[in-house]
> 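Let me give you the structure first, and then I'll get to my questions.
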There are 2 protein chains.
Amino acid sequence: MNDRPYHHGSLRTTLLDEAERTLREHGLEALSLRDLARQAGVSHAAPRRHFADRQALLDALAEAGFVRLDDEMRKTIDRTGQDYEARLQAVAAGYVRFATRDAALLELMFGAKNAKDVEPPDTLRAAAERVFTAFGDLIGQGQRAGVLPPGDPERLRLLLLATLQGIAALVTSGRVQPGQVDPLIADAIALFTHRQR
Amino acid sequence: MNDRPYHHGSLRTTLLDEAERTLREHGLEALSLRDLARQAGVSHAAPRRHFADRQALLDALAEAGFVRLDDEMRKTIDRTGQDYEARLQAVAAGYVRFATRDAALLELMFGAKNAKDVEPPDTLRAAAERVFTAFGDLIGQGQRAGVLPPGDPERLRLLLLATLQGIAALVTSGRVQPGQVDPLIADAIALFTHRQR
DNA sequence: ACCTGAACACCGTTCAAGT
DNA sequence: ACCTGAACACCGTTCAAGT
């Protein structure tokens, strides 16, 4: 512990990893720059070199979150076969799982509280964009497959995103049990595909 | 300012009102007990008599939020006529308006971050319950009117709630413009009522 | 019953100085 | 280029004491 060299070497990565863990296990309130520095074995002012301020760290976390979510989504799409409804169900379930496992991170990603007057950096916006594009592609596939109704794909995309986001919020707040998630998603998809149940 | 009596008289209410305003205008981060005390013209330790700690104030805010939301919902229901779809649209729009106007408050109400290990007080749970019951009633009306599909009303209620919560989240995060809200809600309701568009 | 004032242990942020 | 240490202005929380 004390034989650490003067230069940490990978402080930025260490801070981000540790921050993501703290966020997941103890929430945003518990995330302190001084504490992260302590865990990394550097002085409290050292993080300053890598993150201008606390918000910069949070933005970096959000961006990494979008990158990971995008990754997971694309992997899920690759893994599923040609059955569109099964694919949609899998992607939706994956999204909700991410959102509930990393609820505090998702809040950061959707910036409810930081969006007061500060603009998110371009790299964060771009990472978010990629996720939304992936959702758009998924909608397009469904429409071409005739499983989703025709019409403005943008509206369908927003509606699907809203539904998943909402289901995740209900789980996070304890109003829906994790076991209810998959049937709830199936219900939601049934609405979209106009299959009566 | 300085001619204030030793006993404030209505400190609790003053603190809550001021806190709600701060929450709306500057977000949760900006909410400090010491600052509230300062604005109320009392010492920083005075709020302690009314709120055991910061979390107790946040819980009280959340509870007041549920009470107000419940109030608004019931008023909206009373105001609308017999056209069920119009009523549903009005209630949904009202919910989303509340959620976007008081986004930080809604986060408190749905306790994403405080739900780490602390249990919310009974009064808060009860206030939340009343809102969810109102939603359940609304679903029941729709099913009896034959506008909503039959089947488990609980699932429909969760799905509707999730959709509205999700739409609000998209607005709050700036991914949906306020002007897009009403059409988006209309789209969502159309899905529920199985009207093709 | 309600509020004050001092005290304690934390923060984020800044900046001159060290390696 | 990267990190330290002291300093500053804030927090929430506690508690003896005042009215």
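Below, all heavy atoms of this structure are taken into account, side chains as well, without hydrogens, waters or symmetry copies. Just so we're on the same page: letters track the sequence lines, and every chain starts at 1. Because the structure is predicted, anything quoted here is derived from the model rather than measured.
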> Any salt bridge between A:R74 and A:D70, counting N to O under 4.0 Å?
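Here A:R74 pairs with A:D70 in a salt bridge, since their nearest N and O are under 4.0 Å apart.
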> For A:R12, answer base if it contacts any base atom (sugar-phosphate contacts may also be present), sugar-phosphate if it contacts only those atoms, and nothing otherwise; contact means non-hydrogen atoms under 4.0 Å.
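No contact.
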> Do any pairs count as a ring-ring contact (aromatic ring centres under 6.0 Å, His included) and have a residue in residues 129-182 of chain B, sequence neighbours left out, and if so which ones?
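Non-adjacent pairs meeting ring-ring contact (aromatic ring centres under 6.0 Å, His included): B:Y95-B:F135.
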> Rounded to whole Å, please give me the gap between CG in B:L36 and C1' in D:dC11.
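Nearest whole value for this atom pair: 13 Å.
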> In terms of side-chain heavy atoms, does B:Q141 have a donor or acceptor partner in B:R87 at a distance below 3.5 Å?
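Short answer, yes.
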> Under 4.0 Å between a side-chain nitrogen and a carboxylate oxygen: does that hold for B:E63 and B:R68?
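No, no charged N to carboxylate O under 4.0 Å.
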> Let me know the distance between NE2 of A:H26 and P of C:dC11, rounded to the nearest Å.
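My rounded result for the distance is 14 Å.
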> Could you state the interatomic distance from CG (B:D187) to CG (A:D152), rounded to the nearest 0.5 Å?
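So the CG of B:D187 and the CG of A:D152 are separated by 8.5 Å.
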> How many Å lie between CZ on B:R38 and C1' on C:dG5, as a whole number?
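So the CZ-C1' distance, B:R38 to C:dG5, works out to 15 Å.
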> In terms of side-chain geometry, is the basic nitrogen of B:E72 or B:R97 positioned less than 4.0 Å from the acidic oxygen of its partner?
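Answer for the salt bridge query: no.
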> Under a plain distance cut-off of 3.5 Å, with no hydrogens placed, do A:Q55 and A:D59 share a side-chain donor-acceptor pair?
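Yes.
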> Give each protein N/O atom lying under 3.5 Å from an N/O atom of nucleotides 12-16 of chain D, with the pair distance.
unit_1, atom_1, unit_2, atom_2, d
D:dG12, OP1, B:L33, N, 2.8
D:dG12, OP2, B:L33, N, 3.3
D:dG12, OP2, B:R34, N, 3.0
D:dG12, N7, B:R34, NH1, 2.5
D:dG12, O6, B:R34, NH1, 2.8
D:dT13, OP2, B:R54, N, 2.9
D:dT13, O4, B:R34, NH1, 3.2
D:dT13, O4, B:H44, NE2, 3.4
D:dT14, OP2, B:R48, NH2, 3.1

> Hey, where does DNA chain C pair up into stems, meaning at least three consecutive Watson-Crick or G-U pairs with distances under 3.5 Å?
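Detected stem regions: C:4-8 with D:12-16, C:12-16 with D:4-8.
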> Using 4.0 Å as the upper bound for N to carboxylate O, is an ion pair formed by B:E129 and B:R125?
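A salt bridge is absent here (no side-chain N lies under 4.0 Å from a carboxylate O).
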